[in-house]
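Notes follow once the structure below has been shown.
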Amino acid sequence: MTIEWGWFPDHADEMAELTADHLATAVPAVLLGLLIALPLAVLAHRVRPLRGFILGASNILYTIPSLAFFVLLLPVTGLTRTTAIVGLTAYTLVVLVRNTVEGLDAVPARAREASRAMGTRPLRTLLTVELPLALPVIMAGVRVATVMSISLVSVASYIGYGGLGQLFTDGFQRNYPTPVIAGVALTLLLALVADALLVTVQWLCTPWRRGTTSRQRTSLWRKAA
């Protein structure tokens with residue numbers, strides 16, 4: 001297998017365009033998945049009998065093969081980017097719903113009781129106490145869902161909206177490995193950059209954890225000394 005390095009500068013504009021197209025499919029899928037997962041997770045957390053049904057339904061969606069899912073959506077959404085986004089959104093739910101439920105479950109009961117004792121309404125308690133405390137677990141799910149969506153976008157190349165997956169298709173059809181390697185490398189780089197950005201967002205949104213971590217390290221150093 002030979003890589004033609006001259007191919008890369010010659011196709012820099014194409015790779016940039018396909019990368020932007022890749023993000024235009026992956027990012028909306030994760031955002032929509034999060035918007036759908038949050039209310040479903042809150043419902044599953046508050047109404048215990050519905051928990052098994054909601055989590056089970058998201059698991060069932062994930063078992064549908066991606067290419068078959070896109071084919072099933074074609075009569076409804078047609079050969080459009082919407083088909084890819086809807087399919088990827090469904091796949092993100094298995095991670096986002098479960099992680100959000102687990103994050104809400106992990107919120108200390110004392111925090112909720114303190115909020116109620118102050119006369120805070122349930123919705124405000126959810127927004128100002130429960131979700132912020134559950135954020136680290138939720139963000140872990142968002143990170144997994146984002147990387148998963150970035151990798152699955154390539155499958156949508158079969159309906160014309162696969163972003164960097166178009167390089168895979170082009171390389172396989174011509175038995176030409178260079179575009180395939182370029183597509184793999186760019187997809188991996190995209191996933192790593194997206195994950196690093198989400199880690200930074202989590203770090204910025206959870207200042208109380210930074211202080212806790214610092215104190216824990218100081219305590220460990222003192223014990224070691």
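For the numbers below, each heavy atom of this structure counts, side chains included, while hydrogens, waters and symmetry mates do not.
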Would you call [X] and [Y] a side-chain contact if the rule is heavy atoms closer than 4.5 Å?
X: Val155; Y: Phe69; result: no
X: Thr178; Y: Phe8; result: yes
X: Thr100; Y: Leu38; result: yes
X: Gln166; Y: Pro179; result: no
X: Leu133; Y: Val129; result: yes

Closest non-hydrogen atom pair between [X] and [Y], with its separation:
X: Thr92; Y: Ser149; result: CG2-OG, 3.3 Å
X: Ala26; Y: Val153; result: CB-CG2, 3.8 Å
X: Met15; Y: Ala182; result: SD-CB, 4.1 Å
X: His22; Y: Ser154; result: CE1-OG, 3.8 Å
X: Val107; Y: Ala111; result: CG1-CB, 4.4 Å
X: Ala194; Y: Thr146; result: CB-CG2, 3.9 Å

So with a 6.0 Å cut-off around [atom1] of [X], is the heavy-atom count from everything else above 12?
X: Arg124; atom1: CZ; result: no
X: Glu14; atom1: CD; result: yes
X: Asp10; atom1: CG; result: yes
X: Tyr62; atom1: OH; result: no

### Residue from Leu34, Ile36, Leu43, Leu55 passing side chain to side chain contact (heavy atoms under 4.5 Å, CB included) with Val97
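Checked Leu34, Ile36, Leu43, Leu55 against Val97; only one passes side chain to side chain contact (heavy atoms under 4.5 Å, CB included): Leu55.
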
Test of understanding: clusters of I, L, V, M, F, W, Y form through side-chain heavy atoms closer than 4.5 Å, transitively. Do [X] and [Y] belong to the same one?
X: Leu131; Y: Val137; value: no
X: Leu61; Y: Tyr91; value: yes
X: Leu96; Y: Leu32; value: no
X: Leu93; Y: Val144; value: yes
X: Val86; Y: Val76; value: no

### Task
Decide side-chain hydrogen bond (donor to acceptor under 3.5 Å, both in side chains) for Thr82 and Thr77; before the verdict, give the C-alpha distance in whole Å, the side-chain angles of both, and the deciding distance to 0.1 Å.
CA-CA 6 Å; Thr82 303; Thr77 53; over 6 Å; no

Which value, rounded to the nearest 0.5 Å, describes the distance between [X] atom [atom1] and [Y] atom [atom2]?
X: Ile138; Y: Leu104; atom1: CD1; atom2: CG; value: 5.5 Å
X: Arg112; Y: Leu126; atom1: CZ; atom2: CG; value: 9.5 Å
X: Leu192; Y: Ile150; atom1: CG; atom2: CD1; value: 9.0 Å
X: Leu67; Y: Ile159; atom1: CG; atom2: CD1; value: 9.0 Å
X: Leu135; Y: Glu130; atom1: CG; atom2: CD; value: 13.5 Å
X: Leu186; Y: Leu18; atom1: CG; atom2: CG; value: 9.0 Å

### Query
Which residues satisfy the side chain to side chain donor-acceptor pair (under 3.5 Å) test with Thr25, sequence neighbours excluded?
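Per chain and number, Thr25 pairs via side chain to side chain donor-acceptor pair (under 3.5 Å) with Arg81.
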
### Query
Would you call Asp105 and Arg48 a salt bridge, using N to O less than 4.0 angstrom?
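Arg48 and Asp105: salt-bridged.
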
### Message
side-chain contact (heavy atoms from CB on, under 4.5 Å) for Phe168 and Thr187? Distances and angles first, verdict last.
### Response
CA-CA 11 Å; Phe168 303 159; Thr187 302; 4.1 Å; yes

Any donor-acceptor N/O pair, [X] side chain to [Y] backbone, under 3.5 Å:
X: Thr120; Y: Ser115; answer: yes
X: Thr83; Y: Gly78; answer: yes
X: Thr63; Y: Ile60; answer: yes

